[in-house]
Amino acid sequence: MALLDVTDLSVTFVHRGAPPVHAVDGVSFTVDEGEVVGLVGESGCGKSVTSLAIMGLLPRRGVRVGGRAVFAGRDLLTLDDDARRDIRGREIAMIFQDPLSSLNPVVPIGVQVAEVLVRHRKLERAQARRQAAELLERVGIPDPQRRLREYPHQLSGGMRQRALIAMAVACQPRLLIADEPTTALDVTIQAQILDLLKELVRSSGTALIMITHDLGVVAGLCDTVNVLYAGRVVETAARVPLFADPYHPYTVGLLGSIPRLDRARGERLTPIPGSVRDLLPWAEGCAFAPRCDRRTDACLDGSPELTRVVAPPRAYRCVNPVRSAPATAGEVSG
């Protein structure tokens with residue numbers, strides 16, 4: 001059984017006087033023990049909302065959440081607040097995108113890291129502070145004893161992100177969710193953070209969900225990749241087959257937008273036309289159709305179903321894929 005099994009997850013934002021917004025529309029994926037799974041797509045495709053729904057961090061009012069998110073045999077979406085708080089930080093932890101806004105600006109870093117240990121591992125304050133220093137040293141923060149006394153604004157962006165990672169791994173969670181943890185960092189610090197995450201996963205066996213729009217990050221880290229568009233998974237495959245032989249035109253567009261060192265000097269990138277706002281409701285057809293150069297009349301004839309490929313395992317949501325798929329194991333609605 002998978003460590004996390006997300007089935008038909010949906011998140012709808014409802015505002016009085018405005019049509020409902022389907023931010024997540026039937027997302028399904030699994031995460032096994034020790035596996036690194038990527039959720040990939042442009043901003044606005046539903047990646048972060050998916051993670052917040054799993055963590056139970058969405059607001060109560062104006063939001064409807066449906067589907068299932070079964071973690072270690074328990075549906076996270078049906079738990080009460082106390083049960084969720086017991087799981088968050090101890091069994092499931094999250095690294096947020098912006099460390100400066102995620103950390104409390106008026107509380108020293110040491111107190112914030114130690115708080116997780118006091119809450120979930122029932123340590124005394126002095127012992128929790130010693131372990132907090134060890135955690136900061138483990139994630140590569142120099143002079144951890146001094147950093148414990150400092151406030152978030154006194155740390156660099158890379159150090160703040162490392163402090164967030166230290167908080168996330170303090171209780172050795174079984175599942176770690178990283179929501180674009182390298183977005184605001186320079187290239188050198190990005191590489192260090194990714195190396196740190198890989199080492200943490202390898203040494204502790206923690207499963208990792210990496211949320212990103214950067215396929216370069218995916219190439220160096222993920223085992224399985226789920227490509228999201230307009231709130232739905234449009235392609236799922238292992239990393240190597242996905243990069244070598246993408247089926248969905250949106251995946252091809254994402255790959256074509258990446259600068260590559262092996263391209264000829266002066267060769268232009270191939271951006272995806274339009275923006276993520278240029279979409280159709282899934283009920284009317286493929287949401288990507290307005291931006292797709294492979295669209296046909298069939299693309300506008302109802303929501304495309306998810307087609308599963310036998311070998312190598314893959315699923316894609318397209319009536320006119322980039323290549324002809326081999327024999328399928330049937331189709332499922334989604």
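Because only heavy atoms are used, hydrogens play no part in the values below, and waters and symmetry mates are left out as well, while side chains stay in.
For the atom pair CG (Leu3) and CZ (Phe71), the distance works out to 4.5 Å, reported to the nearest 0.5 Å. How far OG of Ser257 is from NE2 of His213: 11.0 Å, rounded to the nearest 0.5 Å. Atom CG of Leu208 sits about 9.0 Å away from atom CD1 of Ile177, to the nearest 0.5 Å. Between Thr50 atom OG1 and Phe29 atom CZ the span is 6.5 Å, to the nearest 0.5 Å. Note: Leu135 CG to Leu117 CG = 6.0 Å, rounded to the nearest 0.5 Å. Note that the NZ atom of Lys198 and the CD1 atom of Ile193 stand 12.5 Å from one another [nearest 0.5 Å].
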ask   = Run the side-chain contact (heavy atoms from CB on, under 4.5 Å) check on Met210 and Leu197 step by step: do they pass?
value = CA-CA 10 Å; Met210 172 60 73; Leu197 289 174; 3.7 Å; yes
inquiry  = Is there a side-chain contact (heavy atoms from CB on, under 4.5 Å) between Ser28 and Asp8? Walk through the geometry before answering.
reply    = CA-CA 5 Å; Ser28 298; Asp8 290 331; 3.7 Å; yes
inquiry  = Applying side-chain contact (heavy atoms from CB on, under 4.5 Å) to Tyr316 and Leu306, what does each step give before you reach the verdict?
reply    = CA-CA 6 Å; Tyr316 63 93; Leu306 195 66; 5.7 Å; no
task = Could you give me the CA-CA distance, side-chain angles and deciding distance for Thr206 and Leu175, then say whether side-chain contact (heavy atoms from CB on, under 4.5 Å) is met?
result = CA-CA 6 Å; Thr206 299; Leu175 175 64; 5.7 Å; no
key: Worked verdict on Asp5 versus Thr30 for side chain to side chain donor-acceptor pair (under 3.5 Å)   = CA-CA 5 Å; Asp5 187 352; Thr30 60; 6.0 Å; no
task = Could you go through the salt bridge (Lys or Arg N to Asp or Glu O under 4.0 Å) check for Glu305 and Arg317 one step at a time?
result = CA-CA 6 Å; Glu305 295 184 330; Arg317 192 185 302 275; over 6 Å; no
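A heavy-atom distance below 4.5 Å is found between the side chains of Arg314 and Asp245. Looking only at side-chain heavy atoms (C-beta outward), Val63 and Val65 come within less than 4.5 Å of each other. Side-chain contact between Tyr247 and Leu242 is absent, with no heavy-atom pair separated by less than 4.5 Å. Between Thr236 and Val227 the shortest side-chain heavy-atom distance does not fall below 4.5 Å. Taking the side chain as every heavy atom from C-beta outward, Ile92 and Met55 approach each other to under 4.5 Å. When side chains are defined from C-beta on, Val234 does not count as touching Phe288, because their heavy atoms never get closer than 4.5 Å. Inter-residue side-chain proximity for Val319 and Cys299 is flagged as met; some heavy-atom pair is nearer than 4.5 Å.
Cluster membership for Met94 and Leu221, using ILVMFWY side-chain heavy atoms within less than 4.5 angstrom, is not shared. A continuous path of ILVMFWY side-chain contacts below 4.5 Å connects Leu57 to Ile209, so both sit in one hydrophobic cluster. Val31 and Leu228 fall within a single hydrophobic cluster, where Ile, Leu, Val, Met, Phe, Trp and Tyr side chains are chained together by heavy-atom contacts under 4.5 Å. Cluster membership check: Ile54 does not share its hydrophobic cluster with Ile95, using side-chain heavy-atom separations under 4.5 Å among Ile, Leu, Val, Met, Phe, Trp and Tyr. Under the 4.5 Å side-chain heavy-atom criterion for grouping Ile, Leu, Val, Met, Phe, Trp and Tyr, Val218 is connected to Tyr229 within one hydrophobic cluster.
With hydrogens and angles left out, the side-chain atoms of Thr251 and Glu235 include a donor and acceptor closer than 3.5 Å. With hydrogens and angles left out, the side-chain atoms of Asp25 and Ser10 include no donor and acceptor closer than 3.5 Å. Defined by atom type and a distance below 3.5 Å, a donor-acceptor pair is present between the side-chain atoms of Thr224 and Glu35.
Annotation: salt bridge (Lys or Arg N to Asp or Glu O under 4.0 Å) contacts of Arg147 (sequence neighbours excluded): Glu150. By the salt bridge (Lys or Arg N to Asp or Glu O under 4.0 Å) test, Asp143 is found to be paired with Arg146, residues two or more places apart in sequence or in another chain being considered. Glu91 meets the salt bridge (Lys or Arg N to Asp or Glu O under 4.0 Å) test with Arg74; sequence neighbours excluded. Residues satisfying the salt bridge (Lys or Arg N to Asp or Glu O under 4.0 Å) test with Arg202, not counting sequence neighbours, are Glu199.
Annotation for Leu280: hydrophobic cluster partners, listed by chain and number, are Leu300 (ILVMFWY side-chain heavy atoms under 4.5 Å, direct or chained). Taking Ile, Leu, Val, Met, Phe, Trp and Tyr as hydrophobic and joining them when side-chain heavy atoms fall under 4.5 Å apart, one finds Val14 isolated, its cluster having no other members. Other members of a hydrophobic cluster containing Val70 are absent, since no ILVMFWY side chain comes under 4.5 Å of it, directly or through relayed contacts.
Exactly one residue among Arg295, Arg294, His248 makes a side-chain hydrogen bond (donor to acceptor under 3.5 Å, both in side chains) with Asn320. That residue is Arg294.
Applying the side chain to side chain donor-acceptor pair (under 3.5 Å) test to pairs two or more places apart or on separate chains, those with a residue in residues 123-140 are Arg121-Gln131. Residue pairs meeting the side chain to side chain donor-acceptor pair (under 3.5 Å) criterion with at least one member in residues 99-118, sequence neighbours excluded, are Asp98-Ser101. The ring-ring contact (aromatic ring centres under 6.0 Å, His included) pairs that include a residue from residues 72-106 number zero, where partners must be two or more places apart or lie in different chains. Applying the side chain to side chain donor-acceptor pair (under 3.5 Å) test to every pair with at least one member in residues 51-73, sequence neighbours left out, gives these pairs: Arg60-Asp81.
The environment of CD in Gln172 is sparse: at most 12 heavy-atom neighbours from other residues, nucleotides or ligands sit within 6.0 Å. Enclosure of atom CG in Asp80 by more than 12 non-hydrogen atoms of other residues, nucleotides or ligands within 6.0 angstrom is indicated.
With Lys47 contributing its side chain and Gly41 its backbone, the two residues share a donor-acceptor pair below 3.5 Å. A donor-acceptor pair under 3.5 Å is absent between the side-chain atoms of Arg119 and the main chain of Gly89, judged by distance alone. Judged by distance alone, with hydrogens and angles left aside, the side-chain atoms of Arg162 form a donor-acceptor pair with the main-chain N or O of Val139 at under 3.5 Å.
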Return all side-chain donor-acceptor pairs below 3.5 angstrom for residues 151-161, not counting sequence neighbours, or 'none' if the list is empty.
| unit_1 | atom_1 | unit_2 | atom_2 | d |
| --- | --- | --- | --- | --- |
| Gln154 | OE1 | Tyr151 | N | 2.8 |
| Ser156 | OG | Met159 | N | 3.3 |
| Arg160 | NH1 | Pro152 | O | 3.2 |
| Arg160 | NH1 | Leu155 | O | 2.5 |
| Gln161 | NE2 | Pro181 | O | 2.6 |

